[in-house]
There are 2 protein chains.
Amino acid sequence: MTKVKESSTNQASRKFLAECDLTHAVRLMSGRWKLPILYLISKGQNRFGMLKKVIPNITERMLTLSLRELEDDGLITRTVFAEIPPRVEYALTEIAMDLLPICDHIRHWGLKHKQSIIFTD
Amino acid sequence: MTKVKESSTNQASRKFLAECDLTHAVRLMSGRWKLPILYLISKGQNRFGMLKKVIPNITERMLTLSLRELEDDGLITRTVFAEIPPRVEYALTEIAMDLLPICDHIRHWGLKHKQSIIFTD
DNA sequence: CAGTATCCCCCACGATACTG
DNA sequence: CAGTATCGTGGGGGATACTG
């Protein structure tokens with residue numbers, strides 16, 4: 001299924017539409033916790049409890065929601081092991097791994113931009 | 001002024017803090033219209049009226065707000081010419097220009113990610 | 001351990017009207 | 001032309017309590 005608005009034919013509009021996937025892509029990583037979670041999973045913090053312990057201030061609710069959205073967007077996989085006590089492991093998909101170097105670019109750009117960094121949380 | 005939480009000393013937390021600038025950087029480009037505006041300005045659409053004409057559905061209010069925030073974040077400059085009728089021109093700063101190639105990476109990543117692209121607007 | 005279930009607040013965003 | 005001013009809404013996010 002591919003549904004693209006083809007009505008506007010002028011140059012500027014077509015360039016704008018090309019820009020839309022950019023917005024869409026950025027939205028996948030927008031949100032308070034998405035990127036931190038992806039990063040930490042890439043570093044081996046791949047379970048609910050580990051993430052909760054390592055991420056300051058996140059609530060269980062937000063952790064759950066963020067993980068679900070990342071899963072829905074195809075950025076992480078969720079594997080349930082039928083054990084007692086239950087164990088669930090998260091892993092990055094190839095798509096998310098492709099994102100990591102880009103994140104690094106963004107981070108370096110951010111550092112260049114902001115000489116004064118304030119972590120309020 | 002540099003205010004960094006130094007309380008937590010373990011490895012994971014320090015890595016997490018490093019991740020925070022990433023979140024911060026992403027926030028600068030988050031928002032419904034920020035990226036489209038930056039992109040269009042880079043393509044020469046550097047006036048209020050031009051942007052309004054070229055961006056579908058944006059309201060004057062949102063255009064104003066977005067431009068102000070981009071200016072406050074140091075991503076664009078705003079130059080007022082004392083003429084009648086009034087003329088205002090926007091231009092990307094070096095920081096925003098550094099961002100453009102990254103945007104391109106993100107866009108390509110987004111395209112690889114989403115085989116089915118839907119532009120709803 | 002790995003989550004749900006409620007309740008609530010704030011703010012990004014939109015619609016509409018007006019202006020130096 | 002390039003904006004303000006005002007009002008309204010949805011959902012992203014938080015606090016807290018409970019559960020298979």
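All figures in this text were calculated on a predicted structure; none of them were measured in a lab. Proteins get letters first, then strands, A, B, ... in listed order; numbering begins at 1 in each.
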Distance, rounded to the nearest Å, where [X] contributes [atom1] and [N] contributes [atom2]:
{"X": "B/I55", "N": "D/dG3", "atom1": "CD1", "atom2": "P", "result": "13 Å"}
{"X": "A/L51", "N": "C/dG3", "atom1": "CG", "atom2": "C1'", "result": "13 Å"}
{"X": "A/K34", "N": "D/dG11", "atom1": "NZ", "atom2": "C1'", "result": "13 Å"}
{"X": "B/M62", "N": "C/dA15", "atom1": "CE", "atom2": "P", "result": "11 Å"}
{"X": "A/N57", "N": "D/dT16", "atom1": "CG", "atom2": "P", "result": "12 Å"}
{"X": "A/L65", "N": "D/dG12", "atom1": "CG", "atom2": "C1'", "result": "9 Å"}
{"X": "B/K53", "N": "D/dC1", "atom1": "NZ", "atom2": "C1'", "result": "10 Å"}
{"X": "B/I58", "N": "C/dG14", "atom1": "CD1", "atom2": "P", "result": "8 Å"}

Contact check, side chains of [X] and [Y], non-hydrogen atoms, under 4.5 Å:
{"X": "A/L99", "Y": "B/I106", "result": "no"}
{"X": "B/W109", "Y": "A/I102", "result": "yes"}
{"X": "A/Y90", "Y": "A/T77", "result": "no"}

Inset, instruction - For the pair A/T93 (side chain) and A/L75 (backbone), establish whether a donor and an acceptor sit closer than 3.5 Å, ignoring hydrogens and angles. - result: yes

Inset, instruction - Could you check which nucleotide pairs with D/dG20 in any of the strands shown, counting Watson-Crick or G-U wobble with both distances under 3.5 Å? - result: C/dC1

Inset, instruction - Return the residues of residues 66-88 of chain B meeting this criterion: a heavy atom under 4.0 Å from some atom of DNA chain D. Order them by number, or give none. - result: B/R68, B/R78, B/P86, B/R87, B/V88

Legend entry - B/E94 atom CD: more than 12 heavy-atom contacts under 6.0 Å: no

Inset, instruction - Let me know, please, whether B/S30 or A/E60 comes out on the 5' side of the other along DNA chain C by nearest nucleotide. - result: A/E60

Legend entry - Minimum-distance nucleotide (side-chain atoms of A/T59 versus D/dA15, D/dA2, D/dG3): D/dA15

Legend entry - A/R61 vs C/dA5: side-chain N/O to OP1/OP2 distance below 4.0 Å: no

Inset, instruction - Mind checking the CG-CG spacing from A/L38 to A/L92? Nearest 0.5 Å is all I need. - result: 6.0 Å

Legend entry - CG on B/L70 to CE on B/M29, rounded to 0.5 Å: 12.0 Å

